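Read the structure below first, then the notes.
Side chains are part of it too, since the values below use all heavy atoms of this structure and drop only hydrogens, waters and symmetry mates. None of the values given here were measured: they were computed from a predicted structure. We name chains A, B, ... by the order of the sequence lines, and we start the count at 1 in each one.
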Amino acid sequence: MFGMLSPILKNGLGKPATRLYPFEKREAFDKARGQLEIDIDKCIFCGMCQRKCPSTCLSVEKAACKWELNPYNCIICGVCVEACPTKCLSLNKVYRTPVYVKENQIKIGKPPVKKTATKENS
Amino acid sequence: MGERRTVIPFGPQHPVLPEPIQLKLVLEDEKVVEALPQIGYIHRGLERLVKVRDFNQMVFVAERICGICSFQHAMSYCLSIERLMNIEVPERADYLRVIWSELHRVHSHLLWLGLMADAFGFEAMFMETWKIREAVVDMLEATAGSRVIISTCQVGGVRRDISPELLQQIVKLADDVQRRLKAIEHSILNDYTIKKRTVDKGIISKEQAWKLGAAGPTLRGSGVKWDARMIGYAGYKYLNFEPVVETAGDCYARTKVRFREMFAALDLLRQAIAKIPAGEINVKVKGNPEGEAFIQVEQPRGEVTYTVKANGTKNLEKMHVRTPTFANIPAFLTMLPGCELADVPVLALTIDPCISCTER
């Protein structure tokens, strides 16, 4: 019974083990995976992220230049980030907050400029 | 009086059970004479998903079979696919797999110890062990980016590297956890109340445990020296390892096995970090798997086996997972007859039930 006395006394007299959360926030770790972000200007709508995604939360329409993410199905594994050929996808460190309405994130971009066309122009 | 039998449902909702399983307990007065299990409350059919997801995507599905031993599920799956495709994993990846596995083992056993203490009303111990666990889970987040389901394993190696500074932090964490565990060791292993609740309760003999196919600490608590890590999968072949064995076969022995296993896991962590070589962390995988493979991996709760069958396409033909809790249920049902009704929660916890593993 008295075996726990030392840890209990330390707990009682020491600092609290918890934080006063909304006022005191822990800094995110360097490698923390928060939410998926896209730089839509760099996207070429190849659809590689959609093909590799294990949770089928991404959909890409090449003709409409549309990139759609269901953030509530996303498991934040980072496979799409590794697969993206233009490195336009990234994971930030901010965790997703709870919401009342679950809406898809839709980004419309510009059609990618063909490399051959740029050569001709230059 | 003695002939009158009562049937009491234990679960699917019960304060000591975080997950749903039902036991119909047949009682004579306060004594259990028979226990009938009922599972299937949370069956998800994850094994069937091999038909829908390709073999690379299935790593993330396998990981979600269980939250607590998620990395070991992903690793078992990857090891089986690597065996099918004859992939040589880089040595550094093998070591990183050991490091993440052992971190998972420590946090799983600490979680269990807290739940166990909570089951007999030892709230201070519950808080203390979960406080220690928090540091381990934080380390998982610092190294992998996620707290519980870390998604770092892939077919052909691992997806993230751990920097030398972080490896030194893991060594520091291991020393710190060891010191804090030593401080509570006396009160968990020599406490009068805990001994009263666990010693000579739910005894299962060595022969029974072996015959009923028990796994992990349930098997080792009965004196069988068997740990799948002895096979030497992943990086365990490079490390010195001795399984923790107790011979009494009661609840106290199983508690002791788990407690001592945490020290063994911390020792393995230190060994792995001392020996880890530099180099690549994954190899490129080309083609599709073909054939059949069988893998045994030691999880915190016991031995998990993965059987996969592939036919040369990107989708596997069949995947079968035998999880440790499923293997421990027959042993658990053998322990129950003869015990008091009040002991059932403690007995249930000493097999460390994970129902999401059991039902997949």
| task | Considering only NZ, NE, NH1 and NH2 on the basic side and carboxylate oxygens on the acidic side, decide whether B:Arg160 and A:Glu82 come within less than 4.0 Å. | result |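 Between A:Glu82 and B:Arg160 there is no salt bridge, as every charged N stays at least 4.0 Å from the carboxylate O atoms.
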For residues [X] and [Y], determine if any side-chain heavy atom of one lies less than 4.5 Å from a side-chain heavy atom of the other.
{"X": "A:Phe29", "Y": "B:Asp138", "result": "yes"}
{"X": "A:Ile8", "Y": "B:Glu128", "result": "no"}
{"X": "B:Met127", "Y": "A:Asn11", "result": "no"}

State whether the number of non-hydrogen atoms from other residues, nucleotides or ligands found under 6.0 Å of [X] atom [atom1] is greater than 12.
{"X": "B:Asn190", "atom1": "CG", "value": "yes"}
{"X": "B:Lys286", "atom1": "NZ", "value": "no"}
{"X": "B:Arg44", "atom1": "CZ", "value": "yes"}

| request: Would you please go through residues 55-71 of chain B and name the residues with a non-hydrogen atom below 4.5 Å from one of chain A, in numerical order? | output: B:Gln57, B:Phe60, B:Arg64
| Residues in residues 118-126 of chain B near chain A [non-hydrogen atoms, under 4.5 Å] |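 Listed by number, the contacting residues are B:Phe122, B:Ala124, B:Met125.
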With only heavy atoms counted, which part of [X] is less than 4.5 Å from chain A, the side chain, the backbone, both or neither?
{"X": "B:Ile194", "result": "neither"}
{"X": "B:Ile149", "result": "backbone"}
{"X": "B:Thr193", "result": "neither"}

| note | Closest non-hydrogen atoms of B:Leu166 and A:Lys31, given as atom of the first, atom of the second and distance, are CD1-NZ, 4.4 Å
| Least distance between heavy atoms, A:Arg33 atom then B:Ser151 atom |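 Where A:Arg33 meets B:Ser151 most closely, the heavy atoms are NH2-CB, 3.5 Å.
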| message | Quick check on A:Ile76 against chain B: is it the side chain, the backbone, both or neither that has a heavy atom closer than 4.5 Å? | response |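 When you check distances to chain B, no heavy atom of A:Ile76 falls under 4.5 Å.
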| request: Check whether A:Lys52 gets within reach of chain B through its side chain, its backbone, both or neither, counting any heavy atom under 4.5 Å. | output: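 When you check distances to chain B, only backbone atoms of A:Lys52 fall under 4.5 Å.
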| note | Assert top hit (heavy-atom pairs under 4.5 Å, partner chain B, pool A:Gly34, A:Gly78, A:Cys77) equals A:Cys77
| request: Check whether any side-chain N or O of B:Arg53 sits under 3.5 Å from a backbone N or O of A:Ser55 as a donor-acceptor pair, and report yes or no. | output: no
